[in-house]
Number of protein chains: 2
Amino acid sequence: MPLSGQIHRQLMDAILDGTLTGALPSERELAETFGANRHAVREAIKRLQQGNLVEVNQGGATRVLDIPAHAGLDLLPELVIARGTFNDEATVGVLELRACIGADAARLCAERSPHVGAQLLDLLPHDAMSDAELAATGAAYWTALVTGTDSLPYRLALNTLMAGLEAIDDSPTAKHFMAALRDESRRTADLELLARAITRSDPAAAHATATRLLNTSITAVRNAADRP
Amino acid sequence: MPLSGQIHRQLMDAILDGTLTGALPSERELAETFGANRHAVREAIKRLQQGNLVEVNQGGATRVLDIPAHAGLDLLPELVIARGTFNDEATVGVLELRACIGADAARLCAERSPHVGAQLLDLLPHDAMSDAELAATGAAYWTALVTGTDSLPYRLALNTLMAGLEAIDDSPTAKHFMAALRDESRRTADLELLARAITRSDPAAAHATATRLLNTSITAVRNAADRP
DNA sequence: TAGGGTTACTGGTCCAACCAGACAACGAGT
DNA sequence: ACTCGTTGTCTGGTTGGACCAGTAACCCTA
């Protein structure tokens with residue numbers, strides 16, 4: 001990993017930990033403590049700034065912002081694996097958000113792009129698939145569905161949420177989450193039902209089926225989290 | 001605006017225009033064409049990288065990524081005012097997303113934090129309010145409601161969506177959008193109904209009321225867009 | 001013609017300055 | 001003793017030039 005990337009990560013972790021609050025040390029100081037050049041530090045800070053984690057003032061100090069009040073959804077991947085360990089609460093939140101948006105996307109897709117239903121039928125999982133293939137097929141399924149909404153914001157929201165969920169892979173403490181998501185990808189019956197609802201332009205059925213499908217994972221994960 | 005910020009903006013615009021595709025010119029070239037130092041260019045590119053707009057490879061070229069496939073929701077502000085002029089289609093998408101998430105947040109808030117209802121009653125608009133006060137009160141209302149979901153992801157989603165809608169301010173071609181959003185903030189009756197549904201822990205009513213409230217703005221905006 | 005090595009390009013890092021804005025400490029005037 | 005302006009020193013912003021570290025294309029050889 002490039003040096004500026006390492007610095008970015010360490011600063012990010014410190015901010016999410018709460019280790020780093022208020023005013024950051026000066027760029028010159030940070031450069032010295034990290035044993036790096038000031039430019040490397042600046043590039044790291046530029047990325048934090050882009051993520052609305054810090055506020056930079058020429059002449060004044062760079063300050064850490066209140067995360068819940070200022071950060072955007074692109075923080076999800078960091079949140080899910082914050083503090084080095086897996087963060088159950090945040091991940092359930094991501095799944096809830098996904099259920100809400102996914103169901104609405106299904107509705108819009110049924111309204112606007114019924115022809116996508118046929119594509120979705122080609123993206124149903126088989127029993128013979130490996131875990132990796134399963135994940136890829138699942139991602140392709142939802143990508144196609146969301147593309148059918150004809151709405152770039154929905155598409156971007158899917159990207160952001162999937163990035164958040166992919167962060168789970170990096171954490172060994174999250175096996176039950178992975179398992180629950182795999183189980184969801186294997187629910188061929190519901191996935192097919194959803195595809196057919198879209199094909200026949202039935203927004204209400206699409207919404208209902210998607211809600212059921214996506215909420216099942218949430219309860220599965222909740223149960224697994226309670227008895228680990 | 002800092003120089004690196006200007007460069008960032010120009011590159012971003014060129015990417016969203018489709019003017020800039022495939023491989024970017026080298027950092028040294030860009031520095032020369034912008035009449036700036038290479039470090040300034042690098043900082044701009046670091047921000048593009050953080051937004052998943054470009055892919056940087058040491059030794060190889062920096063390439064523009066496929067935006068719908070890779071960018072995240074934090075791109076919304078840029079999207080709404082892309083190409084210098086206002087982008088109706090994207091903005092309607094943002095409103096739809098907001099309606100979907102806002103209604104779900106209302107449901108969760110009613111389930112988990114009924115006490116927030118009282119706060120919301122204090123954040124109802126008065127007739128005497130100026131446009132700025134109205135906007136501030138509206139923002140505070142939804143912030144309090146989303147905080148009641150006890151879910152950081154929902155909070156971050158709100159931040160991202162509000163950032164997208166605030167970008168409208170910068171565009172003079174979007175008066176009808178501004179007007180529609182102001183009208184929404186003035187719908188005291190529905191806002192109060194929603195607050196009371198939350199107070200009495202009635203998720204279904206909260207969801208329904210929020211949906212009605214938020215969808216009204218969408219149709220209002222659609223009508224205004226058709227007859228400008 | 002197929003292979004490998006050289007070379008010219010890419011981004012990554014460093015150093016050492018200097019510019020520009022903010023802010024606090026200090027001293028003159030009241 | 002208090003107020004207010006000046007000034008010094010801190011902050012981030014920008015510059016130039018140099019070198020390291022990869023990639024990829026090119027050319028020369030077997």
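In what follows, chains carry the letters A, B, and so on, assigned in the order in which the sequence lines appear, proteins first and then strands, with residues in each chain numbered from 1. Computed over heavy atoms, backbone and side chain alike; hydrogens, waters and symmetry mates excluded.
Taking side-chain N and O atoms only, B:Thr62 has a distance below 4.0 Å to OP1 or OP2 of C:dG11.
Proximity of B:Val64 to B:Leu24: side-chain heavy atoms (C-beta onward) are separated by under 4.5 Å at one or more points.
Residue B:Gln58 contributes atom CD, which lies 5 Å from atom C1' of C:dG12 at whole-angstrom precision. Here C:dG12 presents its C1' atom at 12 Å from CD of A:Gln6, a figure rounded to the nearest Å. The distance between atom CE of B:Met1 and atom P of D:dG12, rounded to the nearest whole Å, is 21 Å. Remark: P of C:dT13 and CD of A:Glu27 are 16 Å apart, rounded to the nearest angstrom. Remark: P of C:dG12 and CD of B:Glu55 are 12 Å apart, rounded to the nearest angstrom. Distance CG (B:Asn57) to C1' (D:dA24): 12 Å, rounded to an integer number of Å. When the P atom of C:dG11 is taken as reference, atom CG of A:Leu3 falls 18 Å away, rounded to whole Å. The interatomic distance linking B:Glu43 (CD) with C:dG11 (P) rounds to 16 Å, in whole Å.
Formation of a donor-acceptor pair under 3.5 Å by the B:Arg155 side chain with backbone atoms of B:Thr147 is not found in this model.
Between B:Ser26 and A:Gly35, the residue anchored nearer the 5' end of DNA chain C, judged by the nucleotide with its closest heavy atom, is B:Ser26.
Ion pairing of B:Arg9 with B:Asp13 is present here, as a side-chain N (NZ or NE/NH1/NH2) and a carboxylate O approach within less than 4.0 Å.
In terms of polar N and O atoms assigned as donor or acceptor, the side chain of B:Asn37 comes within less than 3.5 Å of the base of D:dG16 in a complementary pairing. Side-chain atoms of B:His39 and base atoms of C:dG12 include no donor and acceptor less than 3.5 Å apart. At a cut-off of 3.5 angstrom, counting only N and O atoms as typed in the model, there is no donor on one side facing an acceptor on the other between the side-chain of B:Arg38 and the base of D:dG17. Residue A:Arg28 places a side-chain atom within donor-acceptor reach of the base of D:dG12, judged by atom type and a 3.5 Å distance cut-off alone.
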_Worked check of side chain to side chain contact (heavy atoms under 4.5 Å, CB included) between A:Thr62 and A:Leu48_ = CA-CA 11 Å; A:Thr62 298; A:Leu48 295 176; over 6 Å; no

*Any chance you could lay out the salt bridge (charged side-chain N to carboxylate O under 4.0 Å, His left out) test for A:Glu78 and A:Arg47, step after step, and finish with the verdict?*
CA-CA 13 Å; A:Glu78 315 298 332; A:Arg47 290 175 62 182; over 6 Å; no

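The listed nucleotides are D:dG13, C:dC14, C:dG12; the one nearest the side chain of B:Pro2 is D:dG13. Ranking D:dT14, C:dG12, D:dT15 by closeness to the A:Arg42 side chain, first place goes to D:dT14.
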